Amino acid sequence: MTKVFIPGDAAALSMGADKVAAAIRSEADKRKLKIEIIRNGSRGLLYLEPLVEVETPKGRIAYGPVAAKDVASLFDADFLKGGKHRLGHGPTEEIDYLKKQERLTFARCGVIDPLSIEDYIAHGGYAGLKTALAKSGAEIVKDVTDSGLRGRGGAGFPTGIKWKTVLDARADQKYVCCNADEGDSGTFADRMLMEGDPLTLIEGMTIAGIATGATKGLIYIRSEYPHAIAKMKQAITKAVAARFLGDNIQGSGKNFSLVVRTGAGAYICGEETSMLESLEGKRGMVRPKPPIPALEGLFGKPTVINNVLSFAAVPDILAKGAEFYKNYGMGRSRGTLPFQLAGNIRQGGLVEKAFGITLRQLVEEFGGGTHSGRPARAIQVGGPLGSYVPVSQFDMPMDYETFAANGAMVGHGGIVVFDDTVDMARQARFAMEFCAIESCGKCTPCRIGAVRGVEVIDRIIAGIERDKNLIVLDDLCQTMVDGSLCAMGGLTPMPVQSAVKHFPEDFDRPPVARAAE
Amino acid sequence: MLTKPEASPDGERARDVCSRHGNRPDELIEILHEVQEQLGCVPEAVIPVIAKAINLSRAEVHGVVTFYHDFRSVPAGRHVVKICRAESCQSMQSEALCSHAKASLKLGFGETSADGQVTLEAVYCLGNCALSPAMMVDGELHGRVDASRFDEIMAETLSEATQ
């Protein structure tokens, strides 16, 4: 029976993958051909979705983007045996976009059946947990520390140090919380992993639990991700049934349970203390730090909080050793980062590469330039709170320190490309507007500052006392940076000030022309 | 009007949801999601019922309901159209898509059509940023949506309704 892989990933579904699957099923039945359809995750070549793969003796052969109307011609071309077709790309692994990547965290995503424990283990899954079960908590934490892994959610805090704090804390109950509130525009790696290889996240969290002595885990997933929520819940059920979760995991005497919690449309809940409040059933109001969550987190107990990709990197580190992971990357940015190419880009998708690759390589070599075909003008890296990077800085290597030294941030590796039609004054205004909409309201610089920010930028756009208002804007931004309780208010000035700094001409256009737009 | 909120059918169902969640206050958000799924919204009248069941004040429950964008106080239309307005989609002309959607549905963001068929909402990121602009219709995600694809999707959605 020929295996046909059709992604069930939300991005693939958004381009009609379900219709393609139905068409392939009915065409095969009509032709009396026996096929087995597997709904895998996405390979990350999102510009080719729905990407249909067929298993052949020569390996998996890729076709895409496939529409339901192409299905009959695919059968005519004998695609089940890897036949030639205008949508064909040859062996999937040989596609340049994929071949040039360094897939560690996403090694299995798109390859396996996301809900098959057997498939997962056959592709190296649970090797990390096996190693971890033979080690003490301190040894596991040392491996994670030595690997150089830093928080993949954006802040880049060393994961091992966080874990050690929780390990050393004494409490009757500790927790492991996964922040899967991936609300930043330009990011979708968390979603892709949860839909394409959920067991990796489960394994990473289980290892965190065993390492730090936490027996309860929660995954906070945003409500905008219904597919990811469903997959994670199903995967947890499978893992429990196979005794990889619950009491006495694999006969080790160790316990770890996991539940999924759904967010409710508040961007701020991606901030870790706000997420904790939300997990406790409250308004997502940011908590002051200290105390840090590692000591007083969920319900006041010591809590490991990491992003999806931080946890997902851990199984590999345990299975292959800290050195293996550390050998990737540059400077103090070790390992790989799954970059997400988004926005106005021809070949959008997920590119996992070691730190050190430049922005230009990502956008040009992988991304193939803009979707519109016009020149790229600005790239926003690291989400709505990240800087707008001008063309002159496209050759910066992706490295936490290099970006910070240039007034930008790598963040979670989300890359949103804008072509030369972008109006940076409008983008700056949006950054303030978004902050005003999503602020939790606890601290004044963020709650009021964002509203005033919109007003000031409106005056600049309207041509009212521009020079004076630019000074006011700068002052306001400084107040938000210095006085905000969390990154929402503290980093909103990043996109605003980078826009003013790198694209001053956009703040100096004739007000009349703008009004006519 | 004299009926106590907990004696109403809505109140009854809200109380059931709470008890299925062990009347635990930390599960309030899950409870509200479930209540909204069953009743189409979180009506003002069930707030005291929930508060009593999970031993919180009405103010606390009201605070949570109003903090999160997901919870509504009145039911949405039969179809909910969410268009992404975040940066990635902006770079692919989502503002033009928004204008088209508003004009063709004759609705502003946050509004429901008079016949109760469609609610139009703005969202900030659906996680489909490599295939911007994105929108979600009744929980189904769509990518690379331009004006003509929007019209196709809406025609399909609304024709399902009449069947």
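The shown structure was predicted, so the numbers you read here are calculated from the model rather than taken from an experiment. Here is how names work: the chains are called A, B, and so on, in the same order as the sequence lines, proteins then strands, and each is numbered from 1.
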Name the region of A:P384, side chain, backbone, both or neither, that has any atom closer than 4.5 Å to a heavy atom of chain B.
both

Donor-acceptor pair, side chain of B:S91 and main chain of A:N344, under 3.5 angstrom:
yes

Using modelled atom types only, decide if a donor and an acceptor are shared between the side chain of B:E87 and the backbone of A:Q380 within a distance under 3.5 Å.
no

From the list A:G284, A:G414, A:P226, the residue making the most non-hydrogen contacts under 4.5 Å with chain B is A:G284

Could you tell me which of A:C269, A:G348, A:A11 has the largest number of non-hydrogen atom pairs under 4.5 Å with chain B?
A:A11

Does A:S185 reach the main-chain N or O of B:S88 with its side chain, forming a donor-acceptor pair under 3.5 Å?
yes

Pick one of side chain, backbone, both or neither for A:V259, based on which atoms fall under 4.5 Å of a heavy atom in chain B.
neither

Given that the side chain runs from C-beta out, which part of B:Q36 has a heavy atom under 4.5 Å from chain A: side chain, backbone, both or neither?
neither

Check whether any side-chain heavy atom of A:F188 lies under 4.5 Å from a side-chain heavy atom of B:C125, and answer yes or no.
no

Interface moiety of A:L279 toward chain B, non-hydrogen atoms closer than 4.5 Å
backbone

Less than 4.5 Å to any heavy atom of chain A: does that hold for the side chain of B:M135, its backbone, both, or neither?
neither

Run the side chain to side chain contact (heavy atoms under 4.5 Å, CB included) check on A:R261 and B:I29 step by step: do they pass?
CA-CA 9 Å; A:R261 286 295 173 83; B:I29 290 167; over 6 Å; no

Criterion side chain to side chain contact (heavy atoms under 4.5 Å, CB included) on A:S14 and B:L131, from CA distance to verdict
CA-CA 9 Å; A:S14 84; B:L131 298 166; 4.0 Å; yes

The interface call for A:T187 against chain B, heavy-atom contacts under 4.5 Å, is backbone

Max heavy-atom pair count under 4.5 Å with chain A, selected residue of B:M92, B:K82, B:E27
B:M92

B:R85, part contacting chain A, at a heavy-atom distance under 4.5 Å
backbone

Side chain from CB out, backbone as N, CA, C, O: work out which of these in A:R346 comes under 4.5 Å of a heavy atom of chain B, or both, or neither.
backbone

Verdict with supporting geometry, A:T421 and B:Q93, side chain to side chain contact (heavy atoms under 4.5 Å, CB included)
CA-CA 10 Å; A:T421 59; B:Q93 278 70 52; 4.1 Å; yes

Are side-chain heavy atoms of B:L126 and A:Y225 found at a separation under 4.5 Å?
no

So what's closer than 4.5 Å to chain B heavy atoms on A:L341: side chain, backbone, both or neither?
backbone

So for A:D184, is it side chain, backbone, both, or neither that comes closer than 4.5 Å to the heavy atoms of chain B?
backbone

Under a 3.5 Å distance rule, please check whether A:R191 uses its side chain to pair with a backbone N or O of B:G127 as donor and acceptor.
yes

Please check if any side-chain donor atom of A:S278 sits under 3.5 Å from a side-chain acceptor atom of B:Y68, or the reverse.
yes

Should A:Y267 and B:Y124 count as side-chain neighbours, where that means a heavy-atom distance under 4.5 Å?
no

Can you tell if the side chain of A:Q427 reaches within under 4.5 Å of the side chain of B:Q90, non-hydrogen atoms only?
yes

Could you check whether A:K19 pairs with B:E156 (Lys NZ or Arg NE/NH1/NH2 to Asp/Glu carboxylate O, under 4.0 Å)?
yes

N/O donor-acceptor pair under 3.5 Å between B:H33 side chain and A:G263 backbone:
yes

Show your working on side chain to side chain contact (heavy atoms under 4.5 Å, CB included) between A:H227 and B:E140 and close with a plain yes or no.
CA-CA 9 Å; A:H227 307 90; B:E140 214 172 291; 5.9 Å; no

